[in-house]
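These notes are about the structure you will find just below.
Chain letters run A, B, ... following the sequence lines, proteins first and then strands; every chain starts at 1. All values below were derived from every heavy atom in this structure, side-chain atoms included, with hydrogens, water molecules and symmetry-related copies excluded.
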Amino acid sequence: MPELPEVETVVRALRPLLTGRSVNAVRVLNASTVAGSLVPLARLAGLSIQAVERQGKYIWIHGSGARSLVVHLRMTGWLGVLSRAEFDRRADPYVRLTLELDAKPGAEPDLLVFRDIRKFGRVWGGPTQALAALKALAKLGPDPLVIESAAFLARLRARRGRLKTLLLDQTFLAGVGNIYADEALFRAGIHPLAEAARLSAPRAERLRMAIGEILNRSIEAGGSTISDYYHPDGQPGWFERELRVYGRGGEACLECGAKIKRIVLGQRSTCFCPKCQRK
DNA sequence: AGTTCCCTGAGG
DNA sequence: CCTCAGGGAACT
């Protein structure tokens with residue numbers, strides 16, 4: 001499931017493939033993939049792609065004329081660039097949207113393909129300003145790779161509730177999901193049910209560092225391929241072999257041998273070591 | 001702040 | 001068959 005490292009990997013792979021290309025046509029194969037109206041999305045035809053960026057787990061494809069495309073992969077979304085011939089050869093039933101790009105000299109047109117088995121993914125198209133003002137995007141918190149100690153501590157102190165729940169809140173930090181929240185808490189030695197606002201300053205700093213380290217290391221490994229995540233070129237990520245608690249409920253802790261506990265928090269499973277992680 | 005729902009393939 | 005996984009929106 002794509003979280004910040006997986007989305008960052010996708011953005012880095014797509015950037016050189018898309019920047020400078022023009023969009024000739026937009027084809028929607030599954031209407032529910034498009035958030036809101038289809039009209040502004042259709043109007044993306046003709047724009048020239050200027051930049052590909054990440055905001056939290058959202059992918060921004062910035063175009064000319066102050067128009068953009070925003071993509072959220074959610075659980076099973078995949079983005080890639082395929083030649084028309086390769087696209088036809090695959091006859092993939094899970095393709096939900098394509099953007100036809102201008103042909104490179106002497107070659108057939110390429111397609112930016114959005115495939116998504118479970119249809120949880122969403123795309124938004126339209127004026128860049130209007131997209132940035134969308135509630136989900138406007139309320140996104142700071143990037144965990146960029147936030148500094150004082151700001152992180154202040155944000156923690158301003159919130160109530162359990163630490164794990166807070167880490168999953170995209171308005172607190174943008175980009176951390178279930179996998180890296182569990183892993184960062186383990187590496188920081190902090191219990192997922194710890195009260196966020198009561199965390200001491202040193203422990204808060206340890207957590208911030210753990211989040212940054214785990215995310216950066218995963219980016220270097222190309223993210224984690226747990227079930228459906230693959231790079232735009234079809235390669236898997238390699239970070240899942242580094243995971244120490246996620247998905248390991250009932251197994252032995254790799255540090256101390258204690259049995260990893262699995263609890264459910266807001267419909268999401270949480271795994272932690274009851275001995276290594278303290279409230 | 002907690003619950004429900006969306007969706008489909010995989011595994012029992 | 002049934003159940004489970006899960007990000008985030010939309011509820012209560």
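In this structure, OH of A:Y180 is placed 15 Å from C1' of C:dG6, rounded to the nearest angstrom. Taking atom CG on A:L134 and atom P on C:dG8, their separation rounds to 14 Å, with Å as the unit. To the nearest angstrom, P of C:dG6 lies 18 Å from CG of A:D169. The separation between A:N178 atom CG and C:dC4 atom C1' is 14 Å, rounded to whole Å. In this structure, A:I59 places its CD1 atom 16 Å from C1' of C:dG8, rounding to the nearest Å. Atom CD1 in A:I179 sits roughly 14 Å away from atom P in C:dA5 (whole-Å rounding). Atom-to-atom, NZ of A:K57 to C1' of C:dA9 comes out at 14 Å; the value is rounded to the nearest Å. A straight line from CG of A:L265 to P of C:dG6 spans 12 Å, rounded to a whole angstrom.
When hydrophobic residues (I, L, V, M, F, W, Y) are linked wherever their side-chain heavy atoms come within less than 4.5 Å, A:V264 remains an isolated member. A:L265 belongs to a hydrophobic cluster whose other members, connected by ILVMFWY side-chain contacts under 4.5 Å either directly or through intermediates, are A:L193, A:I263, A:F272.
Under the side-chain hydrogen bond (donor to acceptor under 3.5 Å, both in side chains) criterion, the residue pairs touching residues 132-144 of chain A are A:R54-A:D143, with sequence neighbours excluded. Screening residues 270-279 of chain A for side-chain hydrogen bond (donor to acceptor under 3.5 Å, both in side chains), with sequence neighbours left out, gives A:K164-A:T270.
Between the axis at the start and the axis at the end of the helix from B:dA1-C:dT12 to B:dG12-C:dC1 there is an angle of 40°, using five pairs per end and rounding to 10 degrees.
In terms of phosphate contacts, A:Y246 brings a side-chain nitrogen or oxygen within less than 4.0 Å of OP1 or OP2 of C:dG6.
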Under-3.5 Å N/O pairs linking protein and nucleotides 2-6 of chain B:
none

Nucleotides 9-12 of chain B: which of its N/O atoms have a protein N/O under 3.5 Å away?
unit_1 : atom_1 : unit_2 : atom_2 : d
B:dG9  : OP1    : A:Y94  : OH     : 2.3

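In this structure A:H72 satisfies the side-chain hydrogen bond (donor to acceptor under 3.5 Å, both in side chains) test with no other residue, sequence neighbours excluded. Among residues two or more places apart in sequence or in another chain, the salt bridge (charged side-chain N to carboxylate O under 4.0 Å, His left out) test is passed with A:E108 by none. With sequence neighbours excluded, no residue forms a side-chain hydrogen bond (donor to acceptor under 3.5 Å, both in side chains) with A:Q50. A:R248 meets the salt bridge (charged side-chain N to carboxylate O under 4.0 Å, His left out) test with A:E251; sequence neighbours excluded. Annotation: side-chain hydrogen bond (donor to acceptor under 3.5 Å, both in side chains) contacts of A:S83 (sequence neighbours excluded): none.
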Begin from the C-alpha positions of A:L101 and A:L17 and carry the test side chain to side chain contact (heavy atoms under 4.5 Å, CB included) through to its verdict. CA-CA 10 Å; A:L101 306 172; A:L17 299 175; over 6 Å; no
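Checking C:dA9, B:dC7, C:dG8 against the side-chain heavy atoms of A:A136 singles out C:dA9 as nearest.
Contact detail for A:W78 and A:R90: the closest heavy-atom pair is CH2-NH1, 4.3 Å.
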